[in-house]
Amino acid sequence: MSSSRHSAPELFSQLDVTTGSSPQSVHTAREEGTALLRDVLAAQDRTNELLEELIGTMAAQQKQRANELTQWRSAHPDLAYACREAAESLSRVQIEYLNRMTDEINENSEDMVEGEFMLNEFIDRFGPRLAHLNGVIQVLAQLSSVSNPANSQH
């Protein structure tokens with residue numbers, strides 16, 4: 001009956017471990033590391049190309065905007081001058097507003113630190129006005145007849 005029994009598959013297989021396989025795996029790891037570094041370098045090169053394109057696009061947009069503002073100023077010299085005067089007047093208003101705001105901060109700073117209500121009240125009172133005032137002054141200054149010092153390279 002022993003001859004009729006099927007032989008069971010072996011549970012263990014033989015592995016051939018030699019000293020020659022170790023340097024080959026180190027060499028393969030070095031090759032993989034080199035390949036990864038090449039991939040990283042290629043990705044950095046692509047990123048640099050994209051950044052150069054982005055800078056070029058942004059520079060072209062800024063140049064176009066500057067040209068449009070110059071054309072607008074040339075087409076409306078009186079209005080550009082009036083915008084400059086208005087920007088200067090609003091700058092004086094802004095200085096006075098900042099003086100009042102800093103006085104209030106100095107007088108009520110302890111209350112603002114201790115109570116959230118006072119801080120919120122202060123921000124609600126001064127914040128939106130200051131933001132809008134800054135925006136209006138910026139628009140008027142851009143439309144004014146005096147060009148930016150960075151653009152005036154005569």
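These numbers come from the heavy atoms of this one structure, side chains and all, not from hydrogens, waters or symmetry mates.
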Would you say CD of Glu49 has more than 12 non-hydrogen atoms from neighbouring residues, nucleotides or ligands within 6.0 angstrom? yes
Leu98 and Met112: same hydrophobic cluster, using ILVMFWY side-chain contacts below 4.5 Å? yes
Gap between atom CD of Glu52 and atom OG1 of Thr57 - 0.5 Å precision: 11.5 Å
Chi angles and distances behind the side chain to side chain contact (heavy atoms under 4.5 Å, CB included) call for Trp72, Leu79: CA-CA 10 Å; Trp72 185 89; Leu79 185 55; 3.5 Å; yes
Out of curiosity, does Leu41 fall in the hydrophobic cluster containing Leu36 (side-chain heavy atoms, cut-off under 4.5 Å, transitive links)? no
Between Leu37 and Thr34, does the side chain to side chain contact (heavy atoms under 4.5 Å, CB included) criterion hold? Intermediate values first, please. CA-CA 5 Å; Leu37 288 174; Thr34 303; 5.8 Å; no
Euclidean distance, Tyr97 OH relative to Asn134 CG, rounded to 0.5 Å: 10.0 Å
When you measure from the side chain of Tyr81 to the backbone N and O of His76, does any donor-acceptor pair fall under 3.5 Å? no
Do Leu50 and Arg46 make a side-chain contact, defined as non-hydrogen atoms from C-beta onward lying under 4.5 Å apart? yes
Using 0.5 Å steps for rounding, measure from the CG atom of Leu133 to the CZ atom of Phe126. 12.5 Å
Trace of the side chain to side chain contact (heavy atoms under 4.5 Å, CB included) decision for Phe122 with Met118: CA-CA 6 Å; Phe122 169 80; Met118 290 296 290; over 6 Å; no
How far apart are the closest heavy atoms of Ala141 and Ala87, and which atoms are they? N-CB, 4.0 Å
When rounded to the nearest 0.5 Å, the distance separating CD of Gln138 from CG of Leu90 is 13.0 Å
Looking at every non-hydrogen atom in both residues, tell me the closest pair between Ile137 and Gln94 and how far apart they are. CD1-OE1, 3.6 Å
With a 4.0 Å cut-off on N to O distance, would you call Glu88 and Arg84 a salt bridge? yes
Non-hydrogen atoms of Met101 and Leu130 that approach each other most closely: CE-CD2, 4.0 Å
Straight-line distance of Ile105 CD1 to Leu119 CG, nearest 0.5 Å: 10.0 Å
For Leu140 and Ala86, the nearest pair of non-hydrogen atoms, with its separation, is CD1-CB, 3.8 Å
With side chains defined as the heavy atoms from C-beta onward, is the minimum distance between Ile95 and Asn99 less than 4.5 Å? yes
May I ask you to check whether Arg65 and Gln142 show a side-chain donor-acceptor distance below 3.5 Å? yes
Going from CD on Gln44 to OG1 on Thr47, what distance comes out if it is rounded to the nearest 0.5 angstrom? 7.0 Å
Determine whether Glu68 and Gln64 make a side-chain contact, defined as any pair of heavy atoms from C-beta on separated by less than 4.5 Å. yes
Donor-acceptor check, side chain of Arg38 to backbone of Gly33, threshold 3.5 angstrom: yes or no? no
Above 12 or not: heavy atoms from other molecules or residues under 6.0 Å from CD of Glu116? no
